[in-house]
Amino acid sequence: AIAAQINLPEPPHPDAVPIVVFNPLNWERSQLATVPFELLSIEVLGVYDLTGEPVAYEQKFTGEWCFLAEGIPPVGYRLFWVHFWKAQIISKDVVQIPKLPRVSQWETFFMENEFLRATINPTTGDLDSVFDKTHQREILSSGGNQLQAFEDAGQYWDAWNVDPNYAQHPLPATEFKMFFQHGKLHQLLHIVRKIGNSKFHQNYILESHSKVLRIETRVNWREQHVLVKAAFPLNLEADFATYEIPCGAIQRTTKPQTDAEKAQWEVPAMRWADLSDGNYGVSLLNDCKYGYDAQLNQLRLTLLRGSEWPDPEADKGQHNFTYAIYPHAGDWKQAQTVRRGYELNMPLSEVELNLDQMAQTGTLPPVGSLLDLGAENLVLMALKQAEDAPDEWILRCYECHGEEAQLNLSSDLNLRIETAVDLLEQPIAQPITKGQTIAIRPWKIVSFKLKRDRD
C-alpha cells in the first residue's frame, strides 16, 4: 500500500521496473536486497538508483538476483529500478538451481570481503580462521562452528532440563562434504554434515559491506536424547559474557564459583550473546535459538535437542535457522551488537510495483523515513493506532545500552509526540512541547501518544 503511493520519477530505461526496499528498523541500513519478482528472470540487465546511476548486482546460486541497497532510511524505504530481459522470464516452479562443484579434500577455500576473511577446513567444514581485516586480528583459537553432539539423557524433566553431565558424553564426529560459489557481492559455501541419522545443510554466507559471517542451517532432525551445539573457541579471554534479555542485557561470569553460578551451565538469551575483554570482542547472533553457554574464551549456541517427554516427537522434523559471528572492537555497546541482532532477525523487505500500480499518481516521495527516534540506543518496539482514537498513534520504544538516551522524533508523516502514556494508553505526564527532546532513563521502556500535524 505504501509503495503504491510513491510518485515515480522517470525510469532510467523504458523497460525498467520499480522496486521499493523497506527497512523495518529505526536506523539507516545498507545491505544486499533481493529482486522480488514473482517470476524469476534469467538475466537482469541492470539495477539503478533514483538518479539513474548503476547499482552493483549479481545472481545467486539459487537463480535469484541481489543488489546493494544503500542508505535505506529508518522505518523507511527507497526506490530502485531493475531492468531485465522480459523475453526470458520463467516460473519459479521450473527454475533449475545449478549444481555447484564438489570440493576436493586437498583444496582450502576462503571467503573475503572488505571486513572479514574466513577460511573453511576442507575435511571438517569447521572455520579454520576468521580474520578481522579492519583490526588485523584472528578471532578463533581453533576450529569455529564445530558441531558438537552429546548424549543428553536421564533428566527428571526431559524437555526442560539439559543434563548437567552432558559434556562427559560426546558423540562421534560428523561426516562431511562441501560445495562453493564465489561472487563479488554474495559469497556462499555449502557444507553437509551428518550426526546420527540427521543431515545438517549449512551455508556460510559473507556479503559485501557486511561485518557479519552468517551460517544458514537446514536439518531434518531425527535424533533422540542428543544435544547439538555450535562451538566458537575464541582468541580472547573475558571474565563475563553478556546476553540479551527482553529490553535489556545481563552479564554472567565465565568463572563460576558459587553453586548458583555453577548451575548456570546453560542460560537463555534472545538475539545475541557477547564475549568481550573491553578492547575487543565477538558476538554470536541467532534468529531463533536461545540457549547459550560461555567459557573464559568460548561461546556456544545450542541448536537442537532430542527430548521425548512429554512429547516423543517434540523436535523431530525439518528445522531452518540462522546464526552469525560478529567480531568487533570495544564492547557490545560500542559495536552496536543490539542492532546487528535485530538486523539478522528483521531483514530488508522488497516490493515490486506492477503496471497498474505504476499508472497511479502517488503523493509519496521515492525515498522516505516514516519514523526516526534520533538516538543510537533507542529501539522501536511498536507503532500502532490508538485504541480510542483513529487519528492518534502509540509509539513504544526502549533504551538498550543501560545509558541515558535523548529521544528526538522526526517523521516524513509529520508525526509529533503529544504526551507520555502507560500500557493502557492513558496519559501519565503533562503534554510535551513541540520539538522538545525527551530524556529516556537507562533500560527504560516508554510509550507516547502521537498526533499528525496537517500543515
Side-chain angles (χ1 to χ4, degrees), residues 1-24 28-73 76-100 111-115 180-188 203 205-210 214 343 347-362 364-369:
I2 295 173
Q5 296 301 317
I6 293 175
N7 187 4
L8 297 177
E10 191 70 23
H13 188 279
D15 293 330
V17 174
I19 302 294
V20 185
V21 179
F22 286 89
N23 172 18
E28 183 177 287
R29 297 162 72 182
S30 297
Q31 294 176 224
L32 292 191
T34 301
V35 176
F37 295 133
E38 293 183 2
L39 300 175
L40 292 177
S41 171
I42 290 179
E43 185 174 6
V44 170
L45 301 179
V47 180
Y48 307 91
D49 65 14
L50 283 174
T51 64
E53 290 297 314
V55 173
Y57 69 96
E58 70 183 19
Q59 191 173 26
K60 298 181 182 180
F61 87 105
T62 57
E64 295 176 309
W65 292 84
C66 64
F67 63 94
L68 183 58
E70 294 190 274
I72 313 302
Y77 61 88
R78 181 176 291 274
L79 177 73
F80 295 85
W81 296 95
V82 178
H83 178 209
F84 62 96
W85 193 358
K86 292 183 179 180
Q88 295 193 15
I89 296 179
I90 56 178
S91 170
K92 278 185 177 181
D93 295 335
V94 297
V95 169
Q96 298 296 314
I97 297 176
K99 293 184 178 180
L100 301 179
M111 314 168 73
E112 185 171 12
N113 66 5
E114 60 269 47
F115 301 112
F180 184 69
Q181 184 200 30
H182 181 78
K184 293 182 180 180
L185 295 180
H186 182 273
Q187 299 174 59
L188 180 146
N203 293 329
I205 295 176
L206 186 61
E207 296 180 342
S208 174
H209 288 63
S210 177
R214 298 204 318 270
E343 289 167 359
L348 298 175
S349 299
E350 305 88 1
V351 174
E352 173 198 0
L353 292 179
N354 60 40
L355 293 177
D356 292 336
Q357 291 170 318
M358 291 170 62
Q360 296 178 3
T361 301
L364 293 178
V367 57
S369 175

Checklist entry - Can you check side chain to side chain contact (heavy atoms under 4.5 Å, CB included) on Phe22 and Val351, steps first, answer last? => result CA-CA 8 Å; Phe22 286 89; Val351 174; 3.9 Å; yes
Can you find a pair of side-chain heavy atoms, one from [X] and one from [Y], that are under 4.5 Å apart?
X: Glu343; Y: Gln31; result: yes
X: Pro73; Y: Val367; result: yes
X: Asn23; Y: Arg78; result: no
X: Pro36; Y: Ile19; result: yes
X: His83; Y: Tyr48; result: yes
X: Tyr77; Y: Val20; result: yes
X: Val17; Y: Glu352; result: yes
X: Pro9; Y: Leu50; result: yes

Decide side chain to side chain contact (heavy atoms under 4.5 Å, CB included) for Leu79 and Leu8; before the verdict, give the C-alpha distance in whole Å, the side-chain angles of both, and the deciding distance to 0.1 Å. CA-CA 9 Å; Leu79 177 73; Leu8 297 177; 3.9 Å; yes
Aromatic contact, Phe80 with Phe67 (centres under 6.0 Å):
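Yes.
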Treating Asp49 as the side-chain partner and Pro54 as the backbone partner, does any N or O pair qualify as donor plus acceptor under 3.5 Å?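 No; judged by distance alone, with no hydrogens or angles, the pair does not exist.
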| task | Please report the closest heavy-atom contact between Gly71 and Ser30, naming both atoms and the distance. | result |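 Looking at all heavy atoms of both residues, the closest pair is N-OG, 2.9 Å.
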Closest heavy-atom contact between Val21 and Ala69?
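The answer is CG1-CB, 4.3 Å.
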Quiz item: Are Lys184 and Ser208 close enough, and set up right, to give a side chain to side chain contact (heavy atoms under 4.5 Å, CB included), and what steps lead you there?
Solution: CA-CA 7 Å; Lys184 293 182 180 180; Ser208 174; over 6 Å; no
task = Can you spot which of Glu58, Glu207, His209 makes a side chain to side chain contact (heavy atoms under 4.5 Å, CB included) with Leu32?
result =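 Result: among Glu58, Glu207, His209, Glu207 is the only option passing the side chain to side chain contact (heavy atoms under 4.5 Å, CB included) with Leu32.
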From [atom1] ([X]) to [atom2] ([Y]), nearest 0.5 Å:
X: Ile205; Y: Leu188; atom1: CD1; atom2: CG; result: 5.0 Å
X: Tyr57; Y: Leu68; atom1: OH; atom2: CG; result: 14.0 Å
X: Asn113; Y: His186; atom1: CG; atom2: NE2; result: 12.0 Å
X: Phe115; Y: Leu206; atom1: CZ; atom2: CG; result: 10.0 Å

Salt bridge present between Arg29 and Glu70 (N-O < 4.0 angstrom):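 Answer for the salt bridge query: no.
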Could you walk me through whether Gln59 and Glu64 pass the side chain to side chain contact (heavy atoms under 4.5 Å, CB included) test, one step at a time? CA-CA 6 Å; Gln59 191 173 26; Glu64 295 176 309; over 6 Å; no
